[in-house]
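All remarks here apply to the structure that follows.
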Amino acid sequence: MKNYYTTEKYVLEFLEKKMNTNDIYLKQINYRFITDFEHFLRNYKPKTHRAKPTNNGVMKYLERLKLSKIVYF
């Protein structure tokens, strides 16, 4: 579960910084959203002691986002 909370944290930060909102509808998650989120993760600069997500980490975050979307539909 902690990994899903981390993914949620990244999604919320992405929404806040890049889309200037704190919530969106699930039907707004499209290919553009996914590619923009991936770009955000790959260029993410952590403010704390955390390391920048690696390629495998980015792919896991995207996979969890996909699974979360399937669960809600």
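Each residue takes its place number in the sequence, starting with 1. Side chains are part of it too, since the values below use all heavy atoms of this structure and drop only hydrogens, waters and symmetry mates. Model, not experiment: these values are computed from the prediction.
With sequence neighbours excluded, no residue satisfies side chain to side chain donor-acceptor pair (under 3.5 Å) with Asn56. In this structure, the side-chain contact (heavy atoms from CB on, under 4.5 Å) partners of Ile34, at least two apart in sequence or on a different chain, are Ile29, Leu62, Leu65. Evaluation of the ring-ring contact (aromatic ring centres under 6.0 Å, His included) rule for Tyr10 yields Tyr44, Tyr61 as partners, not counting sequence neighbours.
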### Message
The test is side chain to side chain contact (heavy atoms under 4.5 Å, CB included); show your working for Gln28 and Phe33 and say whether it passes.
### Response
CA-CA 8 Å; Gln28 290 178 286; Phe33 179 90; over 6 Å; no
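Once rounded to the nearest 0.5 Å, the distance linking OG1 of Thr7 with NZ of Lys60 reads 10.0 Å. Distance check, rounded to the nearest 0.5 Å: CG of Asn55 to CG of Leu41 gives 11.0 Å.
For the salt bridge (Lys or Arg N to Asp or Glu O under 4.0 Å) condition, the pairs that include at least one residue of residues 5-17, sequence neighbours left out, are Glu13-Lys17. Residue pairs that meet the salt bridge (Lys or Arg N to Asp or Glu O under 4.0 Å) test with at least one member in residues 33-46, sequence neighbours left out, are Arg32-Asp36, Glu38-Arg42.
Phe40 is not connected to Tyr31 by any chain of hydrophobic side-chain contacts under 4.5 Å among Ile, Leu, Val, Met, Phe, Trp and Tyr, and they are in different clusters.
Through direct or indirect side-chain contacts shorter than 4.5 Å among Ile, Leu, Val, Met, Phe, Trp and Tyr, Met1 is connected to Tyr5.
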